[in-house]
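The structure under discussion appears below in the form of structure tokens.
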2 protein chains.
Amino acid sequence: MNIYDISKKAGVSIATVSRVMNGNARVSEKTRQKILDIIAENDYTPNAFARGLGLNTMQTIGLLCADSSDQFFSRAVYYLERALRANHYDAILSCTGPDYDTRTEYLKRLLAKKVDAVILIGSSFIEAVPERNRYIIEAAAEVPIIILNGYLKAPNVYCSLCDDQEIIQQAASACLEHGRQELLFLYRADSYSGRRKLEGFKEAFAAASLPLDSRRIVLFNGSIPETKEKLLSLASEGLTFDTVIAGDDELAIGALKYAKAMNFDIPSQFAIIGYNNSQLGICCEPELTSIDNQLEFCCNNAVAALMSVLDGKPAPGKTMLSANILQRGTTDFF
Amino acid sequence: MNIYDISKKAGVSIATVSRVMNGNARVSEKTRQKILDIIAENDYTPNAFARGLGLNTMQTIGLLCADSSDQFFSRAVYYLERALRANHYDAILSCTGPDYDTRTEYLKRLLAKKVDAVILIGSSFIEAVPERNRYIIEAAAEVPIIILNGYLKAPNVYCSLCDDQEIIQQAASACLEHGRQELLFLYRADSYSGRRKLEGFKEAFAAASLPLDSRRIVLFNGSIPETKEKLLSLASEGLTFDTVIAGDDELAIGALKYAKAMNFDIPSQFAIIGYNNSQLGICCEPELTSIDNQLEFCCNNAVAALMSVLDGKPAPGKTMLSANILQRGTTDFF
DNA sequence: TTGTACGCGTTATCAG
DNA sequence: CTGATAACGCGTACAA
């Protein structure tokens, strides 16, 4: 059942049928109703591929993400998909894993599929070496690229992110002010947001004119039990710390398990601050003080900017949201 | 840059270029290399829409899911997307929320986009009233439908699921055998798997010739703190229970919070069994005994069946996997 | 081994 | 208000 069949049944030309389908041009109410009836009777649906060929779009956005099973990413995917759908776009999901080559390959694959834009979910896409971000800039020559929680200044690249640096600086400063100077900063990856969080941590020490032992900065990519072990081994090496500021809630839970293994009282003897305000943080006891990075706002902003761009209108290259600290049981301040 | 441009530059016809692109027909090595070079030089990529129109497929599978931010669903999406991609299919994700009408609408939307098949993630798609499953059967008239963790017997519908009933029956029987008779079965939804789990629970009592008070069966769809409150209120109404068998880990954590609020010793005074073996279960203290429903196998099976069907080969309408109980700190047996 | 010509289903343009 | 016709770009019989 195609547009020719419908036009034949209605005794009109395909042009008229098309006009009725797209509702823009003026058609006499009589023929309009007749065509509508015939369309309904035969439940005719325009062929999406032919439509795509003609319009050069199938209203599809590519979602590129390292690991959609991750607590944080899966929420991002959820919010993004919902916002896109509300704007009549479909989302093609593509998970790359941690590999650089896979990332570039899958991005190309999305472009080959002629998506209208690509959203990069997660700051792991932005590396410290500019050269390694070039594939993103090249992709931006073809379609708009949206980056969630990362920043890259380039034409046709639009970033929506949370001010990780400021909030970690605030959190660390608060710790220092409350007499907790033996801080440990635990983060998972040398990603854009990882680097920003680290900067915030360093800033807090600089602002307080306190020296910062580099052993207090720990880059560690492990599971909850592995994190616990890691901290146990750091402690046994003689490093003393009474507070952990973590780059995500999973690491924070690992720190919590460590504190319990050491029989520390939480939060009086040992404090923990997580990141992402994930569901993990309310599973443990005491519940996790965690930083809420306003993910839903961030996603909605990203899609709003994208829609503007796709509409030929301008959009800010960078939208930065401030984060909040959610105090629960693993700290006694904020 | 289209196939005509390439053919012109190479001094051949578009047919030859097409043959080289698709690698099937026989082309002389000389012209083949020449065309390949020109393609590489101009980095020509066939127009996906035109290709779709000609072949009537764009190698895309629709993923329909109630809520991709859910722990369980997001893992399913991850495994499915990975398996599909390995078979050169892309995944369009579509989250419906809990609404029936939205489900039917979004399914239609996927079909209108001419996906090659649709995978329904989660048993909430299968309702108890057959009439309300008809939209699935109708969709199956157009493309293969795969159901993950649900079962519907119909042509062109293929189901991959875990034997929820058997494992809950085993778990409940083990509890009864260990002298724990004051069981509470807590489940979230009257979905296919919810009903199957409930059956397993009932079976255990029947097998042990024990009476089952219907108050011990609790259908409750709430968050962790809400679940805790719900159990507190049940206890205050006089219902006694020393064991909770939960339909998912979130409910189980709620039960754990309840037990802690009551100052019960876990597991001696109060035992808990979760479901899904999610990350939530290793965040709490003690860690959750949970049922592992082999989600990764389930997803891989689903995709394998789908690939077979798309290849014109037969596939089983139902593939059932047995689950395992993972003993951790909230029980002292298994 | 290679080329020609048509079909796929839609939208857009221009003429009436 | 309506119709005829040309793109859109690719795949593929069929012919050479």
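Chain letters run A, B, ... following the sequence lines, proteins first and then strands; every chain starts at 1. In what follows, every heavy atom counts, from backbone to side chain, and hydrogens, waters and symmetry copies are set aside.
As a whole-Å value, the separation of A:Leu55 CG from C:dG9 C1' is 11 Å. Taking atom CE of residue B:Met58 and atom P of nucleotide C:dG9, one finds them 16 Å apart after rounding to whole Å. What separates CZ of A:Phe49 from P of C:dT11 is a distance of 15 Å, to the nearest Å. Remark: C1' of C:dT2 and NZ of B:Lys34 are 13 Å apart, rounded to the nearest angstrom. Taking atom CD of B:Glu29 as the reference point, atom C1' of C:dT1 lies 13 Å away to the nearest angstrom.
For B:Lys313, the side-chain hydrogen bond (donor to acceptor under 3.5 Å, both in side chains) partners two or more places apart in sequence, or in a different chain, are B:Asp311. Applying the side chain to side chain contact (heavy atoms under 4.5 Å, CB included) criterion to B:Ala305, with sequence neighbours excluded, gives B:Ala315. B:Asn2 meets the side-chain hydrogen bond (donor to acceptor under 3.5 Å, both in side chains) test with no other residue; sequence neighbours excluded.
Within the structure, salt bridge (charged side-chain N to carboxylate O under 4.0 Å, His left out) pairs that include any residue of residues 66-79 of chain B do not occur (at least two apart or interchain). Residue pairs meeting the salt bridge (charged side-chain N to carboxylate O under 4.0 Å, His left out) criterion with at least one partner in residues 106-115 of chain B, sequence neighbours excluded, are A:Asp90-B:Lys113. Screening residues 296-305 of chain A for salt bridge (charged side-chain N to carboxylate O under 4.0 Å, His left out) gives A:Arg82-A:Glu296 as the qualifying pairs, with residues at least two apart or on separate chains.
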Throw together a table of side-chain donor-acceptor distances under 3.5 angstrom for residues 127-142 of chain B, partners on residues two or more places apart or in other chains.
unit_1   : atom_1 : unit_2   : atom_2 : d
B:Glu127 : OE1    : B:Arg132 : NE     : 2.8
B:Glu127 : OE2    : B:Arg103 : NH2    : 2.5
B:Glu127 : OE2    : B:Arg132 : NH2    : 3.4
B:Asn133 : OD1    : B:Glu127 : N      : 2.9
B:Asn133 : ND2    : B:Glu127 : O      : 3.0
B:Tyr135 : OH     : B:Arg103 : NE     : 3.3

What string of B, S and - do you get for nucleotides 4-10 of chain D, 5' to 3', when a contact is any protein heavy atom under 4.0 Å?
BB--BBB

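Annotation for B:Tyr100: atom OH counts as buried by contact number, over 12 foreign heavy atoms lying within 6.0 Å.
Bending across the helix from C:dT1-D:dA16 to C:dG16-D:dC1, expressed as the angle between its end axes from five pairs apiece, amounts to 40° (10° rounding).
Checking the phosphate oxygens (OP1, OP2) of D:dT2, a side-chain nitrogen or oxygen of A:Thr31 falls inside 4.0 Å. Phosphate proximity of D:dC1 to A:Thr16: absent, as no side-chain N or O sits under 4.0 Å from OP1 or OP2.
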